[in-house]
Amino acid sequence: MKNKEIADKFTEIAHLLEIKGDNSFKIRSYEKAAETIENLGHDIEGDCLSGNLEKIPGIGESIAGKIREYISSGKIKKLEGLRKEIPRGLLEMLKVPGLGPAKIKLIYEKLGVKSMRGLDIAARRGELAALPGMGEKSAANILRGLEIINRLDGRLLMSTAQDLAEEFLDVLRKEKSCGEALACGSIRRGCETIGDIDLLVVSDEPKKIIDKFIEIPGVEKVISAGDSKAGVYTSGDVRIDLRVVGEKSYGTAMLYFTGSKEHNIALRKLALKKSFTLNEYGLYEQKTEKYVAGKTEKDVYARLGLEFIPPELRENRGEIEQALQKHLPCLVEFKDIKGDLHLHSVYSDGSVEIRVLAARALELGYEWIAICDHSMSLKIANGLSIKTLMKKKEEIEELNKTSRVKILFGAEVDILPDGKLDYPDEILKELDICLGAIHSVFSQSPDVLNKRVLKAMDNPFLDILAHPTARLIGKRPPLALDMEKIIEKAVDKKIILEVNAFPDRRDLKEEHCLMALKKGAMLSLGTDSHALYHMDNMKYGLMNLRRAGCEKKNVLNTRPMAELQKIISARRNISND
DNA sequence: GCCGTTTTCGGCCCGACTGTTTTCAGTCG
Ligand SMILES: Nc1nc2c(ncn2[C@H]2C[C@H](O)[C@@H](COP(=O)(O)OP(=O)(O)OP(=O)(O)O)O2)c(=O)[nH]1
Ligand SMILES: [Mg+2]
Ligand SMILES: [Mg+2]
Ligand SMILES: [Zn+2]
């Protein structure tokens with residue numbers, strides 16, 4: 001699938017045109033096309049072959065032509081030309097915060113600066129400050145931008161971002177005039193990783209909130225601080241944006257600051273179509289400028305004729321059209337979750353006794369849990385020998401006599417390098433639930449890896465494929481698996497695909513959840529807990545599911561014990577044929 | 001460059017903050 005590749009080409013064209021100073025709406029068209037192609041959800045080559053490219057919204061004659069050109073020749077002449085015209089280094093300079101295309105153009109044309117290094121030197125020599133429209137402060141800002149860029153370290157995990165957001169919110173909440181205060185942006189949308197932290201506060205004394213904010217000890221650099229918003233970097237080089245609004249703007253400000261940007265633009269366009277205008281302060285009648293809604297998000301959506309759109313769906317991937325038709329999916333929620341399908345205990349490398357896990361599960365409102373320790377080959381994680389596994393079975397049987405939360409006897413069985421499972425079938429069939437996962441020998445060729453997983457899926461006792469791509473966000477890339485094939489096989493063999501809820505796994509990732517749901521696969525949630533507090537990570541897995549539009553019926557964890565067992569035994573019987 | 005349920009031309013989301021500016025452009029959310 002070349003979608004991402006093609007999308008990147010159009011993003012590059014957009015950036016190069018920006019630096020050239022081309023028409024901003026034309027640039028927007030290229031950006032929009034890039035976003036559309038990236039989020040298309042199916043292979044664009046199909047549309048190309050069937051001559052349907054121009055049916056895709058945002059793709060017209062010109063861009064369709066370039067897509068065809070790229071698919072047939074691997075090149076886009078327009079892009080090649082732009083690359084010759086504009087040095088590569090100028091594109092890199094766009095990453096410097098505070099430095100945009102217009103200044104880059106100016107600096108390049110007047111000073112011949114075409115690299116980050118050149119920029120740094122020109123700033124230090126005072127050459128930037130001498131340019132028309134620039135001064136000492138602009139040059140200093142660029143130097144600060146260069147420093148920030150050198151220290152930036154990718155995106156944050158959701159868990160890290162949430163903790164930091166709460167830390168700052170707690171300080172702001174101490175201010176007397178502080179009303180509602182919450183994190184918006186990608187945090188509220190439940191994204192897998194977080195670029196920066198966006199905080200919204202309701203107050204009738206915004207200046208006091210903002211003063212308090214920029215005085216927080218963790219704040220290192222204040223980028224901007226005005227009457228209604230501020231932006232800072234923490235000493236840990238995390239960007240935090242704060243927005244403060246009055247009570248009657250709470251809903252529209254939340255809408256604005258939750259985004260996504262594309263959702264905002266689409267919503268504002270719809271408002272215009274209905275003769276309203278929408279901004280962060282409210283929804284207004286276009287002619288009279290009369291305020292019609294703004295206190296809650298629900299009010300605003302309702303006035304626009306839309307169902308309430310959950311934040312996780314606000315990506316302009318069709319949710320506005322669905323909400324207009326009142327056809328939004330009814331997303332799975334935490335209260336639907338009846339159990340956790342991936343817990344480790346002290347039997348392997350977990351730190352918690354089974355009875356303690358069960359007690360915590362009761363507090364969480366669960367009806368059952370599955371204890372899935374590692375299998376015998378995974379020595380570093382204290383994988384269970386067959387003998388220990390049987391001892392564990394006895395303990396679970398004993399506990400189940402009194403436990404209010406029913407305990408499933410499970411295992412997270414290694415998928416060995418040759419695709420075999422790490423216990424013999426006679427043992428596997430004893431398990432109430434069998435997870436299979438890859439934990440070692442990640443370096444096989446893609447072909448071998450794919451065969452390895454597909455072969456494991458032929459074993460009828462493999463009920464759930466756990467953390468299928470084995471990625472660790474920011475640490476280990478996903479295995480080079482053909483997920484389309486694996487998902488199709490899962491559907492065929494009625495194997496359930498796990499959405500591992502650990503914040504650095506979130507595996508299946510959101511796009512694969514979408515693909516799996518489209519193909520009719522069943523999904524499961526597991527926290528992969530090795531410590532008691534890990535059991536609270538269920539929410540991160542739910543974020544992936546909700547972002548993929550997943551409903552209760554597609555999630556194994558929403559089933560009561562008896563139904564769960566029925567599903568498992570039914571799938572094993574079918575797979576045995 | 002894309003788009004159209006009054007349109008094939010004239011719109012395209014909308015506002016805050018900064019710096020260098022005599023009235024606003026650039027950048028960002
Ligand atoms: N209307 C409008 N809203 C925007 C625009 N840019 C950003 N926003 C809103 C929607 C965003 O979700 C919100 C916060 O902006 P961010 O740049 O922090 O993006 P976001 O949090 O979505 O993603 P991130 O993880 O930070 O990269 O501000 C824009 O151009 N127009
Ligand atoms: Mg953000
Ligand atoms: Mg932000
Ligand atoms: Zn595992």
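Letters A, B, ... mirror the listed sequences (proteins, then strands); counts begin at 1. Here the structure is a predicted model, which means the values were calculated and not measured. Values reported hereafter were calculated over all heavy atoms of this structure, with side chains retained and with hydrogens, waters and symmetry mates removed.
- Nucleic acid contact class of A/Leu267 (heavy atoms, under 4.0 Å, all strands): none.
- Heavy-atom nearest nucleotides on DNA chain B were determined for A/Leu99 and for A/Asn279, and the one closer to the 5' end corresponds to A/Asn279.
- A/Thr277 comes within 4.0 angstrom of the backbone, heavy atoms only, and of no base.
- At least one test fails for A/Lys290 against the ring of A/Tyr284: distance under 6.0 Å to the centre or angle within 45° of the axis.
- Closest approach of A/Arg155 to A/Ser186, counting heavy atoms only: NH2-OG, 4.5 Å.
- Ion pairing between A/Lys32 and A/Glu35 fails under the 4.0 Å rule for side-chain N and carboxylate O.
- B/dG1 and B/dT6 are spaced 28 Å apart, taking the P atom of each and rounding to whole Å.
- Heavy-atom distances under 4.0 Å link DNA chain B to A/Ala102, A/Lys103 of residues 102-109 of chain A, given in residue order.
- Legend: residues meeting side-chain contact (heavy atoms from CB on, under 4.5 Å) with A/Pro477, ordered by chain and number and at least two apart, are absent.
- Taking the O4'-C1'-N9-C4 or O4'-C1'-N1-C2 dihedral as appropriate, B/dT6 has a value more than 90° from 0 and is therefore anti.
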Sequence neighbours excluded and cut-off under 3.5 Å, please list the side-chain donor-acceptor pairs for residues 271-283 of chain A, or say none.
unit_1	atom_1	unit_2	atom_2	d
A/Lys274	NZ	A/Leu304	O	3.2
A/Asn279	OD1	A/Tyr281	N	2.7
A/Asn279	OD1	A/Gly282	N	3.1
A/Glu280	OE2	A/Arg243	NH1	2.9
A/Glu280	OE2	A/Arg243	NH2	3.3
A/Tyr281	OH	A/Arg243	NH2	2.9

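- Within the nucleic acid shown, A/Glu136 comes within 4.0 Å of sugar-phosphate atoms alone, with no base atom in reach, counting heavy atoms only.
- Taking atom C1' in both B/dT22 and B/dC12, the straight-line distance is 30 Å, to the nearest Å.
- Of the P atoms belonging to B/dG19 and B/dC9, the separation is 45 Å, rounded to the nearest Å.
- Of all heavy-atom pairs spanning A/His263 and A/Ile309, the tightest one is CE1-CD1, 3.7 Å.
- Take A/Tyr256 and apply the side chain to side chain donor-acceptor pair (under 3.5 Å) test, not counting sequence neighbours, and it matches no residue.
- If you take atom P in B/dA16 and the same atom in B/dG10, they sit 30 Å apart, rounded to whole Å.
- Base engagement by A/Lys26 is indicated by at least one non-hydrogen atom pair under 4.0 Å involving a base atom.
- The residue A/Ile265 sits close to a base: some heavy atom pair falls under 4.0 Å.
- Nucleotides of DNA chain B with any atom under 4.0 Å from a heavy atom of chain A span, from 5' to 3', B/dG1 to B/dG29.
- For residues 54-65 of chain A, the set of pairs meeting the side chain to side chain donor-acceptor pair (under 3.5 Å) definition, not counting sequence neighbours, comprises A/Asn52-A/Lys55, A/Ser62-A/Lys66.
- As judged by a 4.0 angstrom heavy-atom cut-off over every strand, A/Val222 is placed among residues making no nucleic acid contact.
- For residues 211-232 of chain A, the pairs satisfying side chain to side chain donor-acceptor pair (under 3.5 Å) are A/Arg151-A/Glu220, with sequence neighbours left out.
- Between A/Arg243 and A/Phe25, the residue anchored nearer the 5' end of DNA chain B, judged by the nucleotide with its closest heavy atom, is A/Phe25.
- Taking the C1' atoms as reference points, B/dC13 lies 24 Å from B/dT8, given to the whole Å.
- When heavy atoms are screened at a 4.0 angstrom cut-off, A/Leu272 is found touching the sugar-phosphate backbone but no base atom.
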Treat a base pair as Watson-Crick or G-U wobble with both distances under 3.5 Å, then lay out DNA chain B in dot-bracket form, 5' to 3', with | for cross-strand pairs. ((((....)))).((((((....))))))
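- The residue A/Ala266 sits apart from the nucleic acid: no heavy atom pair falls under 4.0 Å.
- No engagement by A/Asn264 is indicated, since no non-hydrogen atom pair under 4.0 Å with the nucleic acid exists.
- Residues satisfying the side-chain contact (heavy atoms from CB on, under 4.5 Å) criterion with A/Asn23, sequence neighbours excluded, are A/Phe25, A/Lys26.
- Applying the ring pair (Phe, Tyr, Trp, His ring centres under 6.0 Å) test to every pair with at least one member in residues 66-102 of chain A, sequence neighbours left out, gives no pairs at all.
- B/dC28 and B/dT23: their P atoms are spaced 25 Å apart (whole Å).
- Spacing between B/dT21 and B/dT27 at atom P, rounded to whole Å, works out to 16 Å.
- Looking at residues two or more places apart in sequence or on another chain, you find no side chain to side chain donor-acceptor pair (under 3.5 Å) involving A/Lys518.
- As judged by a 4.0 angstrom heavy-atom cut-off over every strand, A/Tyr30 is placed among residues touching the sugar-phosphate backbone only.
- B/dC2 and B/dT7 have their C1' atoms separated by 14 Å, with the value rounded to a whole Å.
- Taking A/Ala123 as the reference, A/Leu128, A/Leu143 meet the side-chain contact (heavy atoms from CB on, under 4.5 Å) condition, with sequence neighbours excluded.
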